[in-house]
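Predicted model only: the values in this text are computed from it and were never measured. When a residue number appears, it is its place in the shown sequence, counting from 1.
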Amino acid sequence: MKPKGNQILLLHPGEMGHVLGAALIAAGQSVSWVSEGRSDATRKRAESAGLTSVSHLQGGLAEAD
């Protein structure tokens, strides 16, 4: 079942992006990010923020509102 709210796609949750993603999740949005080619540090930030990983940009765009 799709969560209530919008499905938002962040390309790269860096130092600022993962904080934004966490705030969007706290506001009831569903947030994913593109994991292809990203570093372990980015992965850890995204996981700690509760973001959902998508492998490729095309898949993320297909799911995003």
Side-chain angles (χ1 to χ4, degrees):
M1 174 184 280
K2 187 174 179 179
K4 187 175 181 180
N6 294 315
Q7 176 63 44
I8 297 169
L9 177 66
L10 292 178
L11 294 180
H12 311 300
E15 292 291 330
M16 186 172 59
H18 82 283
V19 176
L20 176 61
L24 289 165
I25 289 171
Q29 307 305 308
S30 179
V31 182
S32 57
W33 70 287
V34 179
S35 60
E36 180 179 39
R38 304 311 299 170
S39 70
D40 286 338
T42 298
R43 290 178 191 282
K44 288 177 185 175
R45 282 192 295 265
E47 287 175 8
S48 71
L51 309 181
T52 302
S53 172
V54 294
S55 300
H56 302 285
L57 178 59
Q58 296 226 319
L61 290 172
E63 295 177 11
D65 293 321

Working to the nearest 0.5 Å, report the span between [atom1] of [X] and [atom2] of [Y].
X     : Y     : atom1 : atom2 : value
Ser32 : Ile8  : OG    : CD1   : 9.0 Å
Ile25 : Ser30 : CD1   : OG    : 7.0 Å
Leu61 : Gln7  : CG    : CD    : 11.0 Å
Lys44 : Arg38 : NZ    : CZ    : 15.0 Å
Arg45 : Asp40 : CZ    : CG    : 11.0 Å
Ser35 : His12 : OG    : NE2   : 10.5 Å

Original post:
So do the side chains of Glu47 and Trp33 get within less than 4.5 Å of each other, counting heavy atoms only?
Top reply: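 In short, these two side chains do not touch, never coming nearer than 4.5 Å.
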
**OP:** Heavy atoms only: give me the nearest Leu10-Gly17 pair and the separation to one decimal.
**Re:**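 So the minimum-distance heavy-atom pair works out to CD1-O, 3.4 Å.
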
Original post:
How close do Val31 and Gly21 get, heavy atom to heavy atom, and via which atoms?
Top reply: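 Where Val31 meets Gly21 most closely, the heavy atoms are CG2-O, 3.8 Å.
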
**OP:** State whether the side chain of Gln29 and the backbone N or O of Asn6 hold a donor-acceptor pair below 3.5 Å, judged by distance alone.
**Re:**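 Yes; at least one donor-acceptor contact below 3.5 Å.
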
Original post:
Linking I/L/V/M/F/W/Y whenever any side-chain heavy atoms sit under 4.5 Å apart, do Leu11 and Val54 land together?
Top reply: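 As far as the 4.5 Å side-chain criterion goes, Val54 and Leu11 are connected within one cluster.
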
